[in-house]
Protein chains: 2
Amino acid sequence: MKTELDGDRDFSQQIARTIRDAILAGHLPADGRLPSESDLAAQFGVSRPTVREALKRLAAQNLIRTQRGATGGAFVNRLGFDEAQEHLVTTATLLLSMNRVDFETACESRFALERACLPLACARREPQHLATMRAEIARQGTAGLSDEDFCASDVAFHRALVDAGRNPVLSWHLAGAVEAMQPLMNMITFTARSRSRIVDLHNALADAVAAQDAGAAGAAMDALAGYTLELGGQIRARRAQPAPDGATAG
Amino acid sequence: MKTELDGDRDFSQQIARTIRDAILAGHLPADGRLPSESDLAAQFGVSRPTVREALKRLAAQNLIRTQRGATGGAFVNRLGFDEAQEHLVTTATLLLSMNRVDFETACESRFALERACLPLACARREPQHLATMRAEIARQGTAGLSDEDFCASDVAFHRALVDAGRNPVLSWHLAGAVEAMQPLMNMITFTARSRSRIVDLHNALADAVAAQDAGAAGAAMDALAGYTLELGGQIRARRAQPAPDGATAG
DNA sequence: GACCTTCAATTGTCAGACAATTGAATTCCT
DNA sequence: AGGAATTCAATTGTCTGACAATTGAAGGTC
């Protein structure tokens, strides 16, 4: 099974693409073992380091895992939701940081996406989801909670909310979006902290989901989005005109 | 700047992670050049092939690009929306194919997500978006259109719809989701072809967006989702009880 | 000054070797 | 015969050194 390559350039990339396509096409079943590096080198007519570079490319995409030893080798990975979510978060984080996405745009997309799961969450939420949401709200109300912990709890709350929709694909998308936005959210929460207001809005959301009232849930989500945007606007204004320190009326 | 590694294993992975974190943290600006492979090898105290494996990992994630020649080297990539969407599609495709996600779940998430952009699309759509949608609908109505072209047009229509929301982050998420679902959608369209019904639903969507009526747009989207699910159910039923060939009643 | 040549830096590739790991086969003891 | 310890072989991880290909830049020529 000598496989030909396009004569001139970047063998490792071509090999990686070839194997990747084979995996995506299902020719290589999950948990199946690839030939050894030496065999692959012989098949493609290249040296082992070149094959290794190709395999590292695939490993970077979580398409394969490697194991040493007699029965070791490269095995096709079964991509789970957790790993896929890591990918999503990494990509989204890079995207946001490298494209000068402004806060309003990021915020808007995040809440628009999360809003998408509200009907499902209201219809399918189970006691465990409600319990998690309530627990996180309670946690957010405790005094002396650090900003980091508050943000983590915030993420956990929204995670429970999207999980209540009981659609893993949707949860993957939404949780990834929420997690990728957290750095931006931190910037807000750390500066203009008004936790009680956020706790109130979270409670309204939880109430609506508990009552299976999608309309009310949507309204609560809109209110949360509006408040977050408002905070973002305050931050920007404060930066543009930095500190009339005494802060009189005006 | 000798950088230490955790003594025992998989240097290339550690090096890749180190550089990746530096990029994500912004220590390496976009389009900035990394040290040469030899320099990196010296800095990390490993050989050049090991450094190369690390760089290939980063290249596989589109974090860097490499260029040969005197002024060549590895450069930090500015991750654009297009490349990021490729990532998203690849990950989503793998996720769907490797986790036995059933059609209903995938379909539900896809339409829930797309529904999220309808208010924005109705509020902000511009003539160009409407024109694209109309053009694709017209294309979908032409006789003799191949199934592949019909599907491509379908994707283009939905792409225009989400772009009408004029939020690039949202477009990235939604277009990625739509494109990842296309293989599944093909399965449907190729079998139970009912293009006129789909064209009607697309027209209803376009009308609602043109009229900036978010409620009607949501209803049209729900109808489209319902019809798609219905088709999926038919396919499944037909598979479970394969071909009472003459197709008489009951 | 414009064009050509040479050059040096850098990535891409190769060959062979050795170390580390690990499951399986083998041997040895009971 | 059965189980435990040992040996073994296959495989990945890494190193060394080298050469080829590419490409912008420096220098030389007209």
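Throughout, protein chains are lettered first and strands after them, A, B, ... in sequence-line order, and every chain is numbered starting at 1.
Checking side-chain atoms of A:R124 against main-chain N and O of A:G165 turns up a donor-acceptor pair under 3.5 Å.
Two residues are said to be in side-chain contact when any heavy atoms from C-beta on lie closer than 4.5 Å; A:L40 and A:Q43 meet this criterion. With contacts defined as side-chain heavy-atom distances shorter than 4.5 Å, the pair A:L34/A:L55 qualifies. Within the 4.5 Å cutoff, the side chain of A:L95 has no heavy atoms near those of the A:V101 side chain.
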Output one letter per nucleotide in nucleotides 6-12 of chain D: B when a protein non-hydrogen atom lies under 4.0 Å from the base, S when only the sugar-phosphate is that close, - when neither is. ---BBBB
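The pair B:E126-B:R166 counts as a salt bridge, with a side-chain nitrogen and a carboxylate oxygen less than 4.0 angstrom apart.
B:D10 places its CG atom 15 Å from the C1' atom of C:dA19, with the value rounded to the nearest Å. For B:F11 and D:dT16, the CZ to C1' distance is 16 Å, given to the nearest whole Å. Atoms CZ (B:F44) and P (D:dT14) sit 13 Å apart, rounded to a whole Å.
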Please report the C-alpha distance between B:R20 and A:L94 in whole Å, then the side-chain angles of each, then the deciding distance to 0.1 Å, and finally whether the side-chain contact (heavy atoms from CB on, under 4.5 Å) criterion is met. CA-CA 11 Å; B:R20 195 202 72 163; A:L94 274 171; over 6 Å; no
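Annotation: the terminal axes of the helix from C:dG1-D:dC30 to C:dT30-D:dA1 meet at 10°, where each axis is the rotation carrying the C1' atoms of four end pairs onto the next four (5 pairs per end, rounded to 10°).
A:N62 and A:E83 form no side-chain donor-acceptor contact under 3.5 Å, judged by distance and modelled atom types alone.
A ring-centre distance under 6.0 Å is found for A:H173 and B:H173.
For the pair A:T50 and C:dC14, the criterion of a side-chain N or O lying under 4.0 Å from OP1 or OP2 is met.
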